[in-house]
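Naming: A, B, ... by sequence-line order, numbering from 1 per chain.
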Number of protein chains: 2
Amino acid sequence: MDKINLGLGAPRYQQLAQAIADSISRGEYPVGSLLPGEEDLCRQFNFSRFTVREALRHLQETGLVTRRQGIGTTVIASTPTRKFGHMIESIDQLQQYASETRLIDHVFEDVVADEELAAELGTTPGMKFLRITALRVGADESKPVAWTRIHLAAIYAGVRSSLADHSGAIGSLVEKLYDQKITAIRQTVSATAIDEAVAEMLDVPPGSPGLRIDRTYAGHDGIPFEFATSIHPGPRFSLSMQLDWMSPG
Amino acid sequence: MDKINLGLGAPRYQQLAQAIADSISRGEYPVGSLLPGEEDLCRQFNFSRFTVREALRHLQETGLVTRRQGIGTTVIASTPTRKFGHMIESIDQLQQYASETRLIDHVFEDVVADEELAAELGTTPGMKFLRITALRVGADESKPVAWTRIHLAAIYAGVRSSLADHSGAIGSLVEKLYDQKITAIRQTVSATAIDEAVAEMLDVPPGSPGLRIDRTYAGHDGIPFEFATSIHPGPRFSLSMQLDWMSPG
DNA sequence: AAGTGGTCTAGACCACTCT
DNA sequence: GAGTGGTCTAGACCACTTT
């Protein structure tokens with residue numbers, strides 16, 4: 001019954017992995033040091049190289065060591081780190097609602113970042129953008145769920161013509177049209193008092209609380225190409241996520 | 001130079017993995033079907049079993065198949081899913097600020113969930129809790145960064161005595177004292193108007209916008225044992241996270 | 001009993017890194 | 001050139017699931 005029993009009955013490579021992990025956590029092999037070579041470990045424990053490599057693979061998967069050809073096996077952590085993770089499988093899933101909503105009333109502007117805008121977006125002045133300001137509404141087009149303003153690098157200004165038909169996030173539209181792959185998203189959530197102009201469009205009293213979400217999307221080069229700000233009326237929206245424990249192995 | 005070239009020069013197991021992945025995406029092996037057995041694949045491609053298994057391991061890691069002893073290799077996806085993930089390595093990291101802040105002015109209450117509270121927390125009426133209401137302040141004890149109310153399953157009421165000394169999240173205190181391991185966290189973020197009582201404690205005008213974060217912590221049995229609500233004054237707080245692309249393999 | 005994947009051995013050659 | 005990890009073979013036994 002008990003799977004705790006890692007000593008007997010367990011495969012040799014697991015026992016070996018456990019033994020090495022224990023040595024590491026005892027400080028026998030400090031972080032940064034090299035483990036003995038595979039041949040050494042084979043002789044030391046009288047196991048075949050397959051078994052030793054399987055054990056080392058296990059240690060690699062739990063994040064205790066890295067392995068490099070020509071160098072050796074380096075200890076990079078003394079304890080398996082317990083990780084929690086939130087995982088999504090598409091960009092649209094980030095905006096949980098995006099697939100069921102559309103953008104309406106777009107206003108397009110061509111802007112060049114001055115000092116102020118550059119500082120706000122975290123870029124350098126002089127960068128050219130297509131600025132899209134719009135409302136996001138549900139299928140029934142009743143009350144809008146968000147006001148949104150997007151600064152999109154001018155190279156991708158071509159999304160403009162496809163925007164009306166597209167339901168979902170703009171990032172995924174860019175991916176589709178330009179074969180650009182998003183590799184990192186940074187998201188900041190804060191609370192704000194909705195200013196008068198936005199309040200009117202969202203049909204809420206000015207100054208009422210709103211959830212502000214700022215997202216930047218970066219491509220394969222790591223450079224952000226899209227900066228999106230959404231303001232959601234307080235009671236009409238919340239952002240949920242679940243973080244699950246990721247077992248080491 | 002080009003690493004795109006997966007055909008020649010690449011190890012056989014990678015070529016094989018690619019070939020099988022192609023077959024799967026072409027629909028030759030639909031989702032839910034079984035791949036040929038390892039021996040079959042060996043004969044079919046004239047590779048050793050090691051090479052075949054290494055290829056299948058690769059497919060498993062990319063999430064295309066699962067393998068079970070006695071059953072076979074089952075196709076579970078036709079395309080490698082592109083995942084984005086947010087990963088943290090400790091509970092305290094979730095509350096990015098928690099390690100530099102402390103709770104003050106605790107008020108403890110023993111409460112039993114009535115219909116209303118049970119509905120709010122998503123539990124069943126009759127469950128017993130220790131309710132902790134407190135303010136979270138920075139090191140200099142100037143303006144508080146949050147008002148917080150926690151409902152903690154009564155079994156863990158013993159944290160009460162250790163709370164004053166503890167900086168960081170309450171969840172990690174429970175983990176330490178009771179050897180309980182948190183395995184899942186659910187977090188919901190919304191904007192709210194700060195009510196009068198809380199506003200006074202936070203030293204902001206009543207009705208001003210606040211960021212409300214609700215978190216539930218579940219243990220190894222998957223049952224939530226802690227329900228925490230924090231309200232942060234709008235301008236004094238934001239929640240950031242980065243989602244990175246997790247390459248398949 | 002037959003078939004599957006899981007573990008394991010002994011031995012080989014290769015690509016890489018360092019000196 | 002010596003040592004490292006990466007790839008690969010041929011063969012074996014075992015644990016598990018289904019028939």
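Under the rule for a ring-ring contact (aromatic ring centres under 6.0 Å, His included), the partners of A:Phe227 that lie at least two apart in sequence or sit in another chain are A:Phe129. Shown here are the side-chain hydrogen bond (donor to acceptor under 3.5 Å, both in side chains) partners of A:Tyr156, two or more places apart in sequence or in another chain: A:Gln180. B:Asn46 meets the side chain to side chain contact (heavy atoms under 4.5 Å, CB included) test with no other residue; sequence neighbours excluded. Not counting sequence neighbours, the partners of B:Glu38 by the side-chain hydrogen bond (donor to acceptor under 3.5 Å, both in side chains) test are B:Arg49, B:Arg53, B:Arg67.
A salt bridge between A:Glu54 and B:Arg57 is present, with a side-chain N of the basic residue lying under 4.0 Å from a carboxylate O of the acidic one.
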Return the polar atom pairs (N/O with N/O) between nucleotides 16-19 of chain C and the protein under 3.5 Å, or none.
unit_1, atom_1, unit_2, atom_2, d
C:dC16, O4', A:Gln69, OE1, 2.9

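The distance from atom CZ of B:Arg43 to atom P of C:dG3 is 10 Å, rounded to the nearest whole Å. One atom, CD of B:Glu39, and another, P of C:dT4, lie 8 Å apart when rounded to the nearest Å. Put simply, CZ on B:Arg53 is 13 Å from P on C:dT4, counting in whole angstrom units.
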Stepwise side chain to side chain donor-acceptor pair (under 3.5 Å) test for A:Asp214 and A:Thr188: CA-CA 5 Å; A:Asp214 292 284; A:Thr188 300; over 6 Å; no

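Heavy-atom neighbours of A:Arg68 CZ from other residues, nucleotides or ligands within 6.0 Å: at or below the threshold of 12.
Contacts between chain B and DNA chain D, taken as any atom within less than 4.0 angstrom of a protein heavy atom, begin and end at D:dT7 to D:dT18.
Nucleic acid contact for A:Arg12: sugar-phosphate only, since backbone atoms but no base atoms lie under 4.0 Å from a heavy atom of the residue.
Comparing B:Leu35 and A:Phe47 against DNA chain C, the residue whose closest nucleotide sits nearer the 5' end is B:Leu35.
Closest heavy-atom contact between B:Ser190 and A:Phe237: CB-O, 4.0 Å.
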